[in-house]
Amino acid sequence: MTKMEKRPCNEPEVRKGPWTMEEDLILINYIANHGEGVWNSLARSAGLKRTGKSCRLRWLNYLRPDVRRGNITAEEHLLIIEMHAKWGNRWSKIAKHLSGRTDNEIKNYWRTRIHKHIKQSENFATLPLSNFEEPVFTNQVHSSYVPADNALSQSNDHNIWGMEDFWSMQLLH
DNA sequence: AATTTGTGCAACCGCCACCTG
DNA sequence: GCAGGTGGCGGTTGCACAAAT
């Protein structure tokens, strides 16, 4: 919340924006002890000043132990394209076929990598054939479209706390 | 070195469907 | 049948960081 907003004084304070390490730990600990439940009451019981929706999203997209982030493989890349052709923007449906992947990640991946390149190739299509480059999805392109390792480490770098850290801390309790 | 522009991703928003009383 | 609460989904936004100028 960047601006000061008026809020009725009887309404509980609701935090927005990026999650802090403390909040993550509270949520992880609470779910580890009590399991997932009704998210609104979970948020209240855990003492988090977040909406149930926000907690659910954070858990599903980031904190779940089985969630896999980054490093989309060529195989997954192909599956995404295939399933998107079949179902369109049904991200959650697509995500269910890619274990550990979230709809949010696939949606972002599509928008930032695949869709962008399709747009680009559409632009190429308006050019004379002599200017036309490789079709977007060839074997050759698979490797170039899979995020480079350094790009991944870059994206993981600003997560100072990896999920492994959280879960290893969890095991200590 | 400073500034601008582009990119990737986490998180929010709004809508809809389902459930329960 | 209706209203309120909740979960799930897809679209969009805001921000941090990288790359380009």
Side-chain angles (χ1 to χ4, degrees), chain A residues 1-8 10-28 30-31 34-46 48-74 76-77 79-81 83-123 136 141 144-166:
Chain A
M1 209 185 283
T2 51
K3 293 174 196 164
M4 293 295 279
E5 287 172 13
K6 284 188 180 174
R7 176 170 38 84
N10 59 344
E11 208 171 287
E13 183 192 350
V14 177
R15 264 185 56 79
K16 287 185 181 179
W19 280 64
T20 64
M21 192 184 80
E22 284 83 7
E23 288 176 312
D24 282 345
L25 278 171
I26 290 169
L27 185 57
I28 288 170
Y30 191 89
I31 292 175
H34 302 90
E36 296 177 36
V38 180
W39 288 103
N40 277 337
S41 55
L42 185 152
R44 263 181 271 120
S45 308
L48 289 164
K49 295 183 173 72
R50 295 276 182 174
T51 63
K53 272 191 169 188
S54 180
C55 293
R56 176 185 162 271
L57 205 67
R58 182 65 174 169
W59 174 254
L60 293 179
N61 287 339
Y62 195 85
L63 299 176
R64 257 188 329 164
D66 59 329
V67 73
R68 284 163 61 220
R69 298 169 63 248
N71 209 10
I72 298 271
T73 64
E76 286 173 320
H77 175 95
L79 275 170
I80 292 169
I81 292 165
M83 291 188 280
H84 185 272
K86 210 189 286 181
W87 297 319
N89 296 359
R90 304 294 304 278
W91 306 118
S92 60
K93 195 171 182 176
I94 294 171
K96 281 179 188 130
H97 289 77
L98 297 166
S99 67
R101 298 296 183 188
T102 67
D103 53 352
N104 210 30
E105 186 177 20
I106 293 169
K107 183 168 59 181
N108 279 333
Y109 183 74
W110 176 267
R111 224 171 60 81
T112 60
R113 317 287 166 87
I114 304 174
H115 188 62
K116 195 176 75 182
H117 284 98
I118 289 174
K119 283 270 176 191
Q120 278 174 7
S121 65
E122 275 173 4
N123 290 338
V136 173
V141 177
S144 63
Y145 277 36
V146 172
D149 284 342
N150 55 352
L152 290 163
S153 61
Q154 167 208 340
S155 68
N156 288 334
D157 275 351
H158 47 76
N159 294 318
I160 300 161
W161 284 77
M163 281 304 98
E164 295 78 10
D165 298 324
F166 277 129

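Note on naming: letters A, B, ... go to the chains in the order of the sequence lines (proteins, then strands), and numbering restarts at 1 for each one. Given the structure is predicted, the values throughout are model-derived calculations rather than measurements.
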Engineer: Would you kindly give the OH-to-P distance between A:Y62 and B:dC12, to the nearest whole Å?
Structural biologist: 14 Å

Engineer: Please determine whether a side-chain nitrogen or oxygen atom of A:K16 lies at a distance below 4.0 Å from atom OP1 or OP2 of B:dC13.
Structural biologist: yes

Engineer: Does some side-chain heavy atom of A:E105 sit less than 4.5 Å from a side-chain heavy atom of A:W91?
Structural biologist: no

Engineer: At under 4.0 Å between heavy atoms, which parts of nucleotides 2-12 of chain C does protein reach? Answer with one letter per nucleotide, 5' to 3': B base, S sugar-phosphate only, - none.
Structural biologist: ----SSBSBBB

Engineer: Identify the heavy atoms of A:R90 and A:W87 that sit nearest to each other, and give their distance.
Structural biologist: CG-O, 3.1 Å

Engineer: What is the distance from CZ of A:R15 to C1' of B:dA11, rounded to the nearest Å?
Structural biologist: 12 Å

Engineer: Who are the side-chain hydrogen bond (donor to acceptor under 3.5 Å, both in side chains) partners of A:N89, not counting sequence neighbours?
Structural biologist: A:H84

Engineer: Can we say A:R68 and A:E76 salt-bridge, meaning some charged N sits less than 4.0 Å from an Asp/Glu carboxylate O?
Structural biologist: yes

Engineer: Please name the pair of heavy atoms, one in A:R50 and one in A:S54, separated by the smallest distance, quoted to 0.1 Å.
Structural biologist: CD-OG, 3.8 Å

Engineer: Pick base, sugar-phosphate or nothing for A:S54, based on heavy-atom distances below 4.0 Å to the nucleic acid.
Structural biologist: sugar-phosphate

Engineer: Looking only at side-chain atoms of A:P18, point me to the closest of B:dA11, B:dC12, B:dG8.
Structural biologist: B:dA11

Engineer: CZ of A:R50 versus P of B:dA10: gap in Å, rounded?
Structural biologist: 14 Å

Engineer: May I ask you to check whether A:H77 and A:W110 place their ring centres under 6.0 Å from each other?
Structural biologist: no

Engineer: In whole angstroms, how far is the P atom of B:dA10 from the CZ atom of A:R101?
Structural biologist: 12 Å

